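This report refers to the structure that appears directly beneath it.
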Number of protein chains: 2
Amino acid sequence: MIVFMTSQGSTRQPKYQRIADALRAAIQAGEYGPGDRLPGENDLMATYEVARMTARQALGVLQNEGLAEARKGAGVFVRAFTPLRRRGIQRLAREQWGSGRSVWSADSEDRELVVDQVDVREEEADGPVCAALGVPAGTQVWARSRRFVLDGKPVLFAVSYLPADIVGDSAITQADTGPGGTYARLAELGHAPVHFREEIRSRMPSAGEAERLALSLGTPVIQIVRTAFAEGGRAVEINEMTLDSASYVLEYDFDA
Amino acid sequence: MIVFMTSQGSTRQPKYQRIADALRAAIQAGEYGPGDRLPGENDLMATYEVARMTARQALGVLQNEGLAEARKGAGVFVRAFTPLRRRGIQRLAREQWGSGRSVWSADSEDRELVVDQVDVREEEADGPVCAALGVPAGTQVWARSRRFVLDGKPVLFAVSYLPADIVGDSAITQADTGPGGTYARLAELGHAPVHFREEIRSRMPSAGEAERLALSLGTPVIQIVRTAFAEGGRAVEINEMTLDSASYVLEYDFDA
DNA sequence: AAGTGGTCTAGACCACGTA
DNA sequence: ACGTGGTCTAGACCACTTT
């Protein structure tokens, strides 16, 4: 006689969840450390007497939680995390860019940082950018995009928009903006940023974002939209950044 | 003659991805608006001539991206977003809690906010909490946990820890901390917070977190760990918050 | 060459929401 | 009552990595 044991059989949880729970518990108990290989589909099929698709689903749960990572032909492995600390307020202090240092140098001490996929062009601003900059629809802006790769792992990409009428033909229109970066140049042009606003969201990446940041399954992105304001309240830059959430901890320090 | 078309057949993309791409494009083109029902498993099986599991996988992609949401017995629907704006710095200004208002009232103007699952207890602090508070291992702390439900949707839960020796038997040990909340009480006790640090991470929720916040698939959580410092630099509170990323936009305003 | 995960089929029963 | 998504089986071929 065949007993067809559905999920109701002895517990009310689906099998794949119970398998995922067991693996998750083993990871958190330290039985599998960062980088270790987990039991694969075939192991789980044997151990738990389930079909391939069910074992697969269990491993899928852990990947979607960001706990594990599959490598084709090799196995499923426990993920390791070593996030960067991004000090939101200090890194933008006038002393940073005033002294000729890059804002980014504050985030990645003694790690190899490569800037990648640089693109600088003049274009017509779209709706949301116009709204954020407070300029009429169709205004010309300079759009600067680039990607940051740390120790071989892409961690962030960013596009910043500046109204064309204030950047003129300064180094902001070049790939290399020179010492102190965009903000130092804006200061020379008489539009030094005096105030910043950062908006933070988190969501799952689109397929394109996942590829550009080499994200594994179960990794959200953090989106930061920064507006820089000059004296008088005019918005002089919008910077739209997309970060690998596994690579970053954001920090904001402020007084009551 | 049967042509067995594998993923290599005419394109190099898997079928389920092509189906997901088509649906995603239709959503972004506005063919399906927020709340609309997408074609279901049976529709996709017929339209694309695939097996149930393949149609399912395609719909799974959209859910994991946070674009769609399945309702058992009903269908798969396009998700709608209307995030709250949480002004990280202004909401903690002394005037907020100094004037007897709750810090939370700043986030949710004219929406129905319910505080839920309140639990206040004295306990021994664990490792990470001790490190963050700068107290020796095993120190007694008060742990205050609660959940916030906005218009029927849980949006956040938080646990805050305060060293037992400074809260004494003040209202901080009660479910209701009184006008101005914990920070106003700390001020009365001579430990008014003068400085805050917020650390922000994002990741996929555990199963427990997903349930407590009623998160659908493909929704990350944002974790904020706030440390409040009194005059002299002593940490007087750690607040560990877990937010539904679909319900929040964080904002930080500061000067250069 | 052997083993791994990735994709896919063609069935099945279930719990649930809606009509 | 019916259609929906949720779970599950028992096979199969593929591309990939490792040995």
Side-chain angles (χ1 to χ4, degrees), chain A residues 2-21 23 35-64 67-79 207 210-211 216-218, chain B residues 2-21 23 35-64 67-79 207 210-211 216-218:
Chain A
I2 296 178
V3 177
F4 205 81
M5 173 144 39
T6 67
S7 9
Q8 307 303 343
S10 51
T11 72
R12 74 182 67 264
Q13 275 210 91
K15 284 190 191 180
Y16 76 91
Q17 273 293 356
R18 294 195 65 81
I19 300 175
D21 289 348
L23 290 172
D36 286 359
R37 179 171 185 272
L38 291 172
E41 296 176 0
N42 297 327
D43 300 315
L44 297 179
M45 285 166 72
T47 316
Y48 293 95
E49 294 177 314
V50 293
R52 161 157 265 107
M53 284 304 291
T54 307
R56 233 181 123 54
Q57 212 175 347
L59 290 168
V61 169
L62 298 183
Q63 294 174 56
N64 282 318
L67 291 177
E69 183 173 27
R71 293 206 281 273
K72 241 187 303 192
V76 181
F77 300 82
V78 179
R79 284 183 61 179
E211 195 188 0
S216 49
L217 269 185
Chain B
I2 295 179
V3 177
F4 205 80
M5 171 141 45
T6 68
S7 4
Q8 306 303 347
S10 51
T11 74
R12 74 182 68 266
Q13 273 211 93
K15 283 190 192 180
Y16 76 91
Q17 273 294 358
R18 292 195 66 80
I19 300 175
D21 289 348
L23 289 172
D36 285 0
R37 179 171 185 274
L38 292 172
E41 296 177 359
N42 297 326
D43 300 315
L44 296 180
M45 286 167 70
T47 317
Y48 293 95
E49 293 176 317
V50 293
R52 162 156 264 107
M53 286 302 292
T54 306
R56 232 181 124 53
Q57 211 175 346
L59 290 168
V61 169
L62 299 182
Q63 293 174 57
N64 283 317
L67 290 177
E69 183 172 29
R71 292 207 282 273
K72 240 188 303 193
V76 181
F77 300 82
V78 179
R79 284 183 62 180
E211 194 188 0
S216 48
L217 269 183

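Hydrogens, waters and symmetry mates play no part in the numbers below; they use all other heavy atoms, side chains included. Small disclaimer: the values here were computed from a predicted structure and weren't measured. Each chain gets a letter, A, B and so on, in the order the sequences are listed, and its residues count up from 1.
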Nearest 0.5 Å please: distance from the [atom1] atom of [X] over to the [atom2] atom of [Y].
{"X": "A:Leu44", "Y": "A:Leu23", "atom1": "CG", "atom2": "CG", "value": "5.5 Å"}
{"X": "A:Asn64", "Y": "B:Asn64", "atom1": "CG", "atom2": "CG", "value": "4.5 Å"}
{"X": "A:Asp43", "Y": "A:Leu59", "atom1": "CG", "atom2": "CG", "value": "9.5 Å"}

Stepwise side-chain contact (heavy atoms from CB on, under 4.5 Å) check, B:Leu38 with B:Leu62
CA-CA 11 Å; B:Leu38 292 172; B:Leu62 299 182; 4.2 Å; yes
Side chains of B:Ile19 and B:Val61: closer than 4.5 Å at any heavy-atom pair?
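A side-chain contact is absent here, since even the closest heavy-atom pair is not under 4.5 Å.
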Using whole Å, what does the distance between atom [atom2] of nucleotide [N] and atom [atom1] of [X] come to?
{"X": "B:Glu69", "N": "D:dT4", "atom1": "CD", "atom2": "P", "answer": "18 Å"}
{"X": "A:Phe77", "N": "C:dT4", "atom1": "CZ", "atom2": "P", "answer": "11 Å"}
{"X": "B:Arg18", "N": "C:dC8", "atom1": "CZ", "atom2": "C1'", "answer": "16 Å"}

Nearest heavy atoms of A:Ala58 and A:Ala20, plus distance in Å
O-CB, 3.8 Å
Any idea which heavy atoms bring A:Ala70 and A:Gln63 closest together, and the distance?
CB-OE1, 3.6 Å
Can you tabulate the close N/O pairs, meaning under 3.5 Å, that link protein atoms to atoms of nucleotides 16-19 of chain C?
residue: C:dG17; atom: O4'; partner: B:Lys72; partner atom: O; Å: 3.4

Can you list, by residue number, the residues of residues 51-63 of chain B that have a non-hydrogen atom closer than 4.0 angstrom to DNA chain D?
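Close to the strand are B:Met53, B:Arg56.
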Below 4.0 angstrom, which residues in residues 36-45 of chain B have at least one non-hydrogen atom near DNA chain D?
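Within this stretch, B:Arg37, B:Gly40, B:Glu41, B:Asn42 sit under 4.0 Å of the strand.
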With sequence neighbours left out, what residues match B:Thr47 under side chain to side chain contact (heavy atoms under 4.5 Å, CB included)?
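Residues passing side chain to side chain contact (heavy atoms under 4.5 Å, CB included) with B:Thr47: none at all.
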Which side-chain N or O atoms in residues 48-56 of chain A pair as donor and acceptor under 3.5 Å with protein atoms at least two apart or in another chain?
residue: A:Arg52; atom: NE; partner: A:Glu41; partner atom: OE1; Å: 3.0
residue: A:Arg52; atom: NH2; partner: A:Asn42; partner atom: OD1; Å: 2.5
residue: A:Arg56; atom: NH1; partner: A:Glu41; partner atom: OE2; Å: 2.6

For D:dC8 and A:Tyr16 - does any side-chain N or O of the residue sit under 4.0 Å from the phosphate oxygens OP1/OP2?
no
Applying salt bridge (charged side-chain N to carboxylate O under 4.0 Å, His left out), which residue pairs with at least one partner in residues 68-79 of chain B are found, sequence neighbours left out?
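Listed once each, the pairs would be none.
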